[in-house]
**Student:** 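Below are the structure tokens for one structure; questions will follow.
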Amino acid sequence: MVLKDVSTTYAYTVRYQATLYDAQGAQVGVFSVSEANLLPGETVAVGAGGDTTAPAVRFALTPDPRESAPCAYPIVNASKQPAPVPSAPGIWTKPRVDPKYAGQQYPGEVTGTLQVQPARQGLQAQAVLYDSAGHVSGFESQQLTTADGPTPVRIVFRESFTYSGFPNPWAPVAQATVSAYDDLRTLTGGGLGECQRLQGSAPVLTP
């Protein structure tokens with residue numbers, strides 16, 4: 001799934017639990033979703049993997065009870081927060097096999113250019129793939145050592161078996177985007193207030 005912090009006054013740290021249901025409404029699996037750390041305006045793709053007892057048609061998100069409570073951090077000094085990096089179109093090159101070199105395999109990759117202002121270090125870049133219906137069909141991350149102004153990125157999609165043995169991407173690809181976000185846990189400078197614990201659940205989403 002792709003999450004975006006649309007608030008202008010809070011940053012968030014949250015780990016969801018995804019409960020999957022079949023067409024009759026019966027629960028067929030429970031996955032723990034990767035932790036998301038979001039500053040205002042930032043977008044991040046996170047995922048979960050595991051086994052299901054039957055095909056799932058929808059899932060519900062709730063804060064993971066096995067993890068520490070999710071937090072909302074008030075922005076107490078906006079001037080100390082990095083500006084969000086706008087998402088940009090990406091070009092997807094699908095995996096291929098070169099028969100000339102003993103069937104050498106080349107993984108898929110996404111290339112694109114991010115506009116990063118001001119210059120900074122340690123950004124996490126992401127490429128997100130979508131199918132023709134707009135559903136996420138894969139994503140991959142890469143840390144950028146430095147980024148300043150127009151920053152070309154090339155993100156290689158290595159096969160991942162996190163998703164119940166499926167490769168990455170796990171569905172057809174019709175569109176790609178590139179984005180970047182800061183690691184909330186490594187930010188310094190006193191721009192965030194104390195954790196305000198979140199309660200409640202997220203809406204039901206259709207995969």
Side-chain angles (χ1 to χ4, degrees), residues 1-16 18 31-49 59 61 63-64 70-75 78 80-92 108-144 146-157 160 162-163 168-171 173-187 191-192 198 202-207:
M1 68 201 71
V2 177
L3 305 174
K4 181 175 183 178
D5 182 358
V6 297
S7 169
T8 58
T9 54
Y10 285 92
Y12 296 94
T13 296
V14 60
R15 184 188 295 273
Y16 286 116
F31 297 167
S32 181
V33 182
S34 304
E35 184 179 79
N37 297 276
L38 288 160
L39 287 163
E42 289 188 338
T43 300
V44 60
V46 293
F59 62 89
L61 294 177
D64 194 330
C71 286
Y73 298 95
I75 306 297
K80 294 185 178 181
Q81 301 306 308
V85 178
S87 296
I91 299 174
W92 164 245
E109 64 178 47
V110 169
T111 54
T113 300
L114 296 170
Q115 301 293 332
V116 182
Q117 295 290 345
R120 52 190 190 265
Q121 299 178 337
L123 276 177
Q124 193 76 10
Q126 278 196 326
V128 183
L129 307 175
Y130 299 88
D131 65 16
S132 58
H135 298 143
V136 176
S137 59
F139 65 89
E140 189 65 77
S141 302
Q142 171 188 305
Q143 188 174 45
L144 300 178
T146 60
D148 185 4
T151 303
V153 295
R154 174 177 175 266
I155 301 177
V156 177
F157 277 65
S160 170
T162 302
Y163 301 91
N168 186 12
W170 54 88
V173 178
Q175 180 185 359
T177 63
V178 290
S179 59
Y181 61 93
D182 296 271
D183 188 341
L184 180 61
R185 295 165 297 183
T186 64
L187 289 180
L192 298 178
L198 296 171
V204 174
L205 302 176
T206 301

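All residue numbers refer to positions in the sequence shown, counting from 1. Note that the coordinates shown come from a computational prediction; the quantities given were computed from them, not determined experimentally.
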**Student:** Can you give me the closest heavy-atom contact between Asp64 and Ser32, atom names plus distance?
**Tutor:**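 Minimum heavy-atom separation between Asp64 and Ser32: OD2-OG, 2.8 Å.
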**Student:** I need the Gln81 CD to Leu39 CG distance, nearest 0.5 Å.
**Tutor:**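 It is 5.5 Å, given to the nearest 0.5 Å.
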**Student:** Do Tyr181 and Val85 have side-chain heavy atoms sitting under 4.5 Å apart?
**Tutor:**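 No, too far: nothing below the 4.5 Å cut-off.
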**Student:** So, using side chain to side chain contact (heavy atoms under 4.5 Å, CB included) as the criterion, who are the partners of Pro86 when residues are at least two apart?
**Tutor:**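 Checked Pro86 against side chain to side chain contact (heavy atoms under 4.5 Å, CB included); zero matches.
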**Student:** As an exercise, state the distance from OH of Tyr16 to CE of Met1, rounded to the nearest 0.5 Å.
**Tutor:**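 Output value for this atom pair is 9.0 Å.
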**Student:** How about Leu3 and Leu38: do any of their side-chain heavy atoms sit closer than 4.5 Å?
**Tutor:**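 Side chain of Leu3 against side chain of Leu38, heavy atoms only: contact under 4.5 Å found.
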**Student:** Ser141: which residues meet the side-chain hydrogen bond (donor to acceptor under 3.5 Å, both in side chains) condition with it, sequence neighbours left out?
**Tutor:**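 In terms of side-chain hydrogen bond (donor to acceptor under 3.5 Å, both in side chains), with neighbours along the sequence ignored, Ser141 is linked to Gln126.
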**Student:** Going from CG on Leu123 to CG on Leu114, what distance comes out if it is rounded to the nearest 0.5 angstrom?
**Tutor:**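 It is 8.0 Å, given to the nearest 0.5 Å.
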**Student:** Which heavy atom of Phe31 sits nearest to which heavy atom of Ala48, and what is that distance?
**Tutor:**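 Here Phe31 and Ala48 meet closest at CB-CB, 3.5 Å.
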**Student:** Within a strict 4.5 Å, meaning less than it, do heavy atoms of the Val153 and Thr111 side chains meet?
**Tutor:**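 The answer is no, as the side chains (C-beta and beyond) never meet within the 4.5 Å cut-off.
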**Student:** Quick one: list whatever passes side chain to side chain contact (heavy atoms under 4.5 Å, CB included) with Ala176, sequence neighbours left out.
**Tutor:**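 Trp92, Val110, Leu129.
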**Student:** How close do Gly138 and Phe157 get, counting heavy atoms only, and between which atoms?
**Tutor:**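 Nearest heavy atoms, Gly138 then Phe157: C-CE2, 4.0 Å.
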**Student:** Any donor-acceptor pair under 3.5 Å linking the side chain of Thr177 with the backbone of Gly90?
**Tutor:**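 Not confirmed, Thr177 side chain does not pair with Gly90 backbone.
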**Student:** Show me the pairs that pass side-chain hydrogen bond (donor to acceptor under 3.5 Å, both in side chains) and involve residues 112-125, at least two apart or across chains.
**Tutor:**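 For residues 112-125, and leaving out neighbouring residues, the side-chain hydrogen bond (donor to acceptor under 3.5 Å, both in side chains) pairs sorted by first residue read Arg120-Asp182.
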**Student:** Hey, could you give me each pair passing salt bridge (charged side-chain N to carboxylate O under 4.0 Å, His left out) that has a residue in residues 148-157? Not counting sequence neighbours.
**Tutor:**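 For residues 148-157, and leaving out neighbouring residues, the salt bridge (charged side-chain N to carboxylate O under 4.0 Å, His left out) pairs sorted by first residue read Glu109-Arg154.
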**Student:** Does any non-hydrogen side-chain atom of Tyr12 lie less than 4.5 Å from one of Asn37?
**Tutor:**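 The answer is no; the side chains never approach within 4.5 Å.
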**Student:** Would Ser137 and Asp131 count as a side-chain hydrogen bond (donor to acceptor under 3.5 Å, both in side chains) if you check the C-alpha gap in whole Å, the side-chain angles of each, and the deciding distance to 0.1 Å?
**Tutor:** CA-CA 6 Å; Ser137 59; Asp131 65 16; 5.9 Å; no
**Student:** Could you pull out all residues at least two apart from Thr9 that satisfy side-chain hydrogen bond (donor to acceptor under 3.5 Å, both in side chains)?
**Tutor:**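 So Thr9 forms a side-chain hydrogen bond (donor to acceptor under 3.5 Å, both in side chains) with Ser7.
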**Student:** Within the structure provided, determine whether Ile75 and Lys80 are in side-chain contact (heavy-atom separation under 4.5 Å).
**Tutor:**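 Sidechains of Lys80 and Ile75: no contact.
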**Student:** At their closest point, which heavy atom of Ala127 faces which heavy atom of Ile155, and how far apart are they?
**Tutor:**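 Closest approach of Ala127 to Ile155, heavy atoms only: N-CD1, 3.5 Å.
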**Student:** Scan for salt bridge (charged side-chain N to carboxylate O under 4.0 Å, His left out) pairs involving residues 5-14, sequence neighbours excluded, and state none if there are none.
**Tutor:**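 Those involving residues 5-14 do not exist here.
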**Student:** Under the side chain to side chain contact (heavy atoms under 4.5 Å, CB included) rule, what do Val136 and Val2 come out as? Steps first, then yes or no, please.
**Tutor:** CA-CA 8 Å; Val136 176; Val2 177; 3.6 Å; yes
**Student:** In sequence, state the C-alpha distance, the side-chain angles, and the governing distance for Thr13 and Tyr73, and then conclude on side chain to side chain contact (heavy atoms under 4.5 Å, CB included).
**Tutor:** CA-CA 8 Å; Thr13 296; Tyr73 298 95; 3.5 Å; yes
**Student:** Under the side chain to side chain contact (heavy atoms under 4.5 Å, CB included) rule, collect the residues that match up with Ser132, sequence neighbours excluded.
**Tutor:**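 Side chain to side chain contact (heavy atoms under 4.5 Å, CB included) check on Ser132 returns Ala174.
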**Student:** My understanding is that only residues two or more places apart in sequence, or in another chain, count here; which of them pass side chain to side chain contact (heavy atoms under 4.5 Å, CB included) with Ser87?
**Tutor:**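 Listed in chain order: Ser179.
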